[in-house]
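All remarks here apply to the structure that follows.
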Amino acid sequence: MPPIRDKFTIHSRAVVCQDVELKGDITIGPGTVVHPKATIFAIAGPIIIGSGCIIEEAAIIVNRRKEVMRVGDNNLFEIGCRVECPSVGNFNTISTRARVHHTVRITNYCVIGAACLVVPTDDETLDDYTSIFGPAAERRTWSGRGRIQEADLRLKHAEYLREMLPKFNRLRRGDGA
Amino acid sequence: MAPTIHYYCPCQSGESVQTPPPPHMASSSASFHPLHSLFFCEECDAVRCNRCVSVEVSGYYCPNCLFEVPSASVRAEKNRCARNCFSCPICRSTLQVVASDPPDGGDGRPSVSLSNVGEPPFFLYCNHCRWDSAEVGVTFEKPTGLAAQLQKFEDSAPESLEFERLKEHFEPFLRTSSLSSLSHVPSTSSHHLPTSSATAAASAALARDVPGVGKYNPPARSRVGRDRTANKDEMPEYKSRMDISVLGQLGSEGDGSDVEAHRRMETAEEIASLEQRWGNSWTTSLRTSDLRPFRIPLHSKVSKRCPTCRHILIKPEQKAQSVRYKIKLVAANYLPAMTVALPHTQAVDATRRPQAKVPNVADDRNAGAMMAGKSYPFHLALTNPLYDPIQVRLSVQRMHVTAVADSTAPEKARRTPFAISLPTSSFPVAAFAEAWEYDDDDDMFGLEDDELGLEMGRTRDKDGKGKVKTVGVLEKRANVTVVGGEVVIGKEARGHVKFNMLVSYTYRSDDPLPSEDGVGTPSRTVAKTPEVKTFTFYTVVDLGPILPREEKVDPDI
């Protein structure tokens, strides 16, 4: 396997803490917040993360396929989750300790509940507004009511973190080679 | 299966018999309880379990808002929370009251004016599964007082109106009959009906068959009504409020509309599961999309009393959010806690883990359990909860093996399948003290469990100060004493190794405080200070299953 060459393109308005493990070709958009102890591994292919995302501690985002992994805007990856999807849309929430396999494509406004395992054997695309919850990972469709309030909350969350995290953590700057 | 110890409560055994039932019978497990579920009555000096204590409710509270509901309003609110606590019908988590989204700006970005309170209409929203009550049409104008707003709607449901009509119909007859028979005192009246007639109506309802909502049968009811008020006036025939066929479509009656719905069904999730439906008072529609949010049922705090002397054993604090107790007489504060372990299984587990990734399943089971025809040591650890040191004496109860399940060798089956040897003399267990008070002395024999496990079957001395011994006091550490015993399993033994063990311990209470332990114990020495008291209880020790051996081996017996 060819050695992984690190190439980080971090936007100047993104907040990435020093303690984050980054590997491979990673692009991070403006306004994104990456908490310390997060892990982003672009092992086989590059990862492009959009704007306004929040990646919390112990979250693992890994791309083991050669294709580009695109993560959209304003997503929330909560503590301990593990995401390997080839594409993630906007305004999704992947809750604590959830696992999503590389066979799943997430669209917009989805909610993967806490500790849910979304591991289908075949390729699958989750429609907009899908909500997965419960120990058996049951699904239902969110009606979308309240999404504007939730979007507003997400923006406020990211804004607060961008303000507070640099006061208490060292930030990683720029690009490595 | 890990070996366990359970304690015996004599409440099931009747007046004269104090010994526990033989443990190999399946019904005896009802008398044995783990230590953490037992109480101890100081007056009677006896162990009490959850089955024999008398329970009374000391308060009701809502598990969500932790509001203490006075008992009078409990009945009025039908055992539900009267404030804004609702439960999601899909995932049973608590619902949140949210405002509707402000009107969209058109380009998707949130508009600037998001007021603090939010905009009506308000609805209930589940954060876990993202269900919201607008899907079933439940919305509110104000974000507070939801129960009142919903109450009007609930009361106008046809089932509810029918039930009210039924109650009104029965009320005069039941009141006259109850007044003539008993001296019922109507307690606090809810704003619907007096209590006595409602409870009498409830007992009348229990007497008839349980139909669905729509299956009203007026002739049958009037017959029942006539039986109820036997010597009283004739009850007029009851006319239900609406037509039966109309009512039949409300619930799941198995008629045409339900069949159509089932034909059109696409996924299994469209039918509401049993867990989601059985909390309703009357049958509702089967579809998941028709499930409504329901108010959170109240929980109650109970206090428990000893059945004989009425002494309070458990009394919780009045505040709903506090988990402590005003009075807490649990057995763990009086009886020594015992755990049993088979050291050879622990040794095997420790060595096996770093090795093979895919161990043979049969090997695992063989290594962990006990095989017929061999002898194994086991360790009993006793922990003393009292502030005084105790002297413990163990003895195994004689077991009458009348019939063993295995009928292949009827001769050999008469023998007891296993023999237990325990230290017969009494041994001390040190007093409980705070961790910083301990002066670390003795591990008297200082043996590690692994060493002991590997030496199994080698030594047979029951006493003496040999280097390795299996029976006797093994270790003394703080307020824990580990004693070793040995079990010899016969070749034809089957089933589980379970035996009753009698534990009696004596302790001195140096201070003559009456609070420490009650009077009336069986043995008391004359001296003022110190007094020696003895308490005795039975336990059952389960060491695990016996695996039969295939090959022939010389028996150890």
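Values below: all heavy atoms of this structure, side chains included; hydrogens, waters and symmetry mates excluded. Every chain is numbered from 1, with letters handed out A, B, ... down the list of sequences.
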Among B:V97, B:T94, B:N84, which residue satisfies the side-chain contact (heavy atoms from CB on, under 4.5 Å) criterion with B:L124?
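Of all the options given, the one that passes is B:V97.
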
Please tell me if the side chains of A:I106 and A:V100 come closer than 4.5 Å, counting only heavy atoms from C-beta onward.
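Touching, per the 4.5 Å side-chain cut-off.
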
Decide yes or no for B:P3 and B:D542: does some side-chain heavy atom of the first lie under 4.5 Å from some side-chain heavy atom of the second?
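Of all side-chain heavy-atom pairs linking B:D542 with B:P3, none is under 4.5 Å.
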
Assess whether atom CD of B:E141 is packed by more than 12 heavy atoms of other residues, nucleotides or ligands within 6.0 Å.
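No, not enclosed.
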
Can you name the residues of residues 57-80 of chain A that have some heavy atom under 4.5 Å away from a heavy atom in chain B?
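The stretch does not come within 4.5 Å of chain B.
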
Choice from B:D132, B:I90, B:N127 maximising heavy atom contacts with chain A below 4.5 Å:
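Maximum pair count with chain A is reached by B:D132.
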
Going through the distances and angles, do A:D122 and A:T103 end up as a side-chain hydrogen bond (donor to acceptor under 3.5 Å, both in side chains)?
CA-CA 6 Å; A:D122 310 318; A:T103 45; over 6 Å; no

Considering all heavy atoms, the nearest A:L126-A:C110 contact:
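Distance-wise, the nearest heavy atoms are CB-SG, 4.2 Å.
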
